[in-house]
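Everything on this sheet refers to the single structure shown next.
Every chain is numbered from 1 and lettered A, B, ... according to where its sequence line falls, protein lines coming before strand lines.
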There are 2 protein chains.
Amino acid sequence: MNIKEASEKTGVSSAAIRYYEKESLIPPIDRTEVGNRDIDARIIRRIKFVTQMRAAGMSIENLRRYIELFDAQEDNTKEQKALLQEQLAVMEEKRDDLQAAIDHLNYKLNHFYDHMQETEEELRELEKQHAAKVERENNEAD
Amino acid sequence: MNIKEASEKTGVSSAAIRYYEKESLIPPIDRTEVGNRDIDARIIRRIKFVTQMRAAGMSIENLRRYIELFDAQEDNTKEQKALLQEQLAVMEEKRDDLQAAIDHLNYKLNHFYDHMQETEEELRELEKQHAAKVERENNEAD
DNA sequence: TTAAACCTTAATGTGTACTTCAAGGCAAGT
DNA sequence: ACTTGCCTTGAAGTACACATTAAGGTTTAA
């Protein structure tokens with residue numbers, strides 16, 4: 001499969017695929033006799049994984065560190081698990097931040113009748129959310 | 001309250017607060033006689049709102065459009081509701097993308113024993129997730 | 001009165017994650 | 001022979017969201 005087909009299959013631009021290879025987010029890609037990239041299912045999977053993590057807000061640099069560790073020959077099981085769990089925690093916090101913002105907008109939508117954007121209700125709601133977050137963080141710290 | 005105190009109270013840098021004012025994400029801030037910003041609770045609330053939406057991945061430009069519409073005198077109720085709902089949809093999709101990535105990493109963590117990063121199981125898992133997403137999108141289109 | 005610690009604006013710099021451009025090669029069709 | 005359409009690399013350009021710097025003003029405290 002050439003790079004254009006791979007691009008169509010993954011929804012990632014050809015330039016971005018080259019960029020990912022250069023940045024070692026995906027392994028070195030095999031070449032044909034004339035030097036063109038020949039992309040197989042394994043590379044496609046890796047591109048899709050990169051896409052999914054990028055969509056989740058993981059930076060290129062963190063993604064590279066992450067992948068480097070996983071691709072290394074040595075048995076890094078412990079560090080790998082720790083890294084996975086760290087990344088999971090980051091993503092769960094992001095998800096919760098998103099959910100808080102969603103809740104906020106839903107609150108606005110449900111209290112639309114009173115031209116609400118700076119009402120006391122909203123203030124209390126925001127502070128309630130903040131207090132809840134602080135409490136969650138305190139619980140985590142235990 | 002001067003800009004430094006506001007910065008400490010919100011966790012947003014002074015430069016960022018000035019930037020937000022310039023970009024009309026927050027209303028024009030009152031000045032003291034000598035021209036320094038004098039920030040009150042209302043502005044603090046607006047800064048916190050901006051922070052929350054930024055954390056949820058909303059761009060400055062969309063946030064400005066959004067806020068402009070809400071601050072306008074005319075009764076834009078319909079457009080405002082539509083805008084709110086649109087933004088909610090975007091954020092819910094983001095949240096779901098994040099959840100998918102979380103699921104993926106959890107899957108990795110749970111199947112750690114077999115050096116899993118490119119197994120057939122993982123491939124099937126990714127495709128399952130993709131199929132589920134496609135189905136969700138089809139349902140939305142109804 | 002001089003330094004410290006705030007503040008102002010305007011301009012310029014920075015990091016990220018690509019995209020686009022320039023210059024060229026290869027292979028097929030007309 | 002030439003256009004079309006793919007590919008290559010390296011360099012330069014772009015958009016976003018600020019951060020930093022420059023040049024200056026005010027207030028307080030030694």
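Within residues 6-20 of chain A, the residues having any heavy atom closer than 4.0 Å to DNA chain D are, in order of number, A:Arg18. Of the residues in residues 57-67 of chain A, those with a non-hydrogen atom less than 4.0 angstrom from any atom of DNA chain C are A:Ser59, A:Ile60.
Within the model, atoms CG of B:Asp30 and CD1 of B:Ile39 stand 10.0 Å from one another, a figure rounded to the nearest 0.5 Å.
Evaluation of the salt bridge (Lys or Arg N to Asp or Glu O under 4.0 Å) rule for A:Arg95 yields no partner, not counting sequence neighbours. By the ring pair (Phe, Tyr, Trp, His ring centres under 6.0 Å) test, B:Tyr20 is found to be paired with no residue, residues two or more places apart in sequence or in another chain being considered. Residues that satisfy the side-chain hydrogen bond (donor to acceptor under 3.5 Å, both in side chains) test with B:Glu61, not counting sequence neighbours, are B:Arg65. For A:Tyr66, the ring pair (Phe, Tyr, Trp, His ring centres under 6.0 Å) partners at least two apart in sequence or on another chain are A:Phe70. With sequence neighbours left out, A:Glu23 forms a salt bridge (Lys or Arg N to Asp or Glu O under 4.0 Å) with A:Arg64. Listed by chain and number, the residues in a salt bridge (Lys or Arg N to Asp or Glu O under 4.0 Å) with B:Arg31 are B:Glu21 (sequence neighbours excluded). Residues meeting the salt bridge (Lys or Arg N to Asp or Glu O under 4.0 Å) test with B:Glu33, sequence neighbours left out: none.
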Identify the pairs formed between an N or O of the protein and an N or O of nucleotides 3-6 of chain D at a distance under 3.5 Å, and give each distance.
{"from": "D:dC6", "atom 1": "OP1", "to": "A:Lys4", "atom 2": "NZ", "distance (Å)": "3.0"}

Could you list, one pair per line, each protein nitrogen or oxygen that sits under 3.5 Å from a nitrogen or oxygen of nucleotides 22-24 of chain C, together with the distance?
none

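Overall, the helix from C:dT1-D:dA30 to C:dT30-D:dA1 carries an axis bend of 30° between its ends, with five pairs at each end and the value rounded to 10°.
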Take A:Asp71 and A:Arg46, measure what salt bridge (charged side-chain N to carboxylate O under 4.0 Å, His left out) needs, and give me the verdict at the end. CA-CA 12 Å; A:Asp71 283 351; A:Arg46 296 289 294 253; 2.9 Å; yes

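With a 6.0 Å radius and a threshold of 12 heavy atoms from other residues, nucleotides or ligands, B:Glu86 has its CD atom at or below the threshold.
In terms of modelled atom types and a separation under 3.5 Å, the side chain of A:Thr10 and the main chain of A:Ala6 share a donor-acceptor contact. Of the possible donor and acceptor atoms, one in the side chain of A:Glu5 sits under 3.5 Å from a partner among the backbone N and O of A:Asn2.
The minimum heavy-atom distance linking A:Val12 with A:Ala16 is given by the pair CG1-CB, 3.5 Å. Heavy atoms only, all atoms of each residue included: B:Ile43 and B:Ile26 are closest at CG2-CD1, 4.4 Å.
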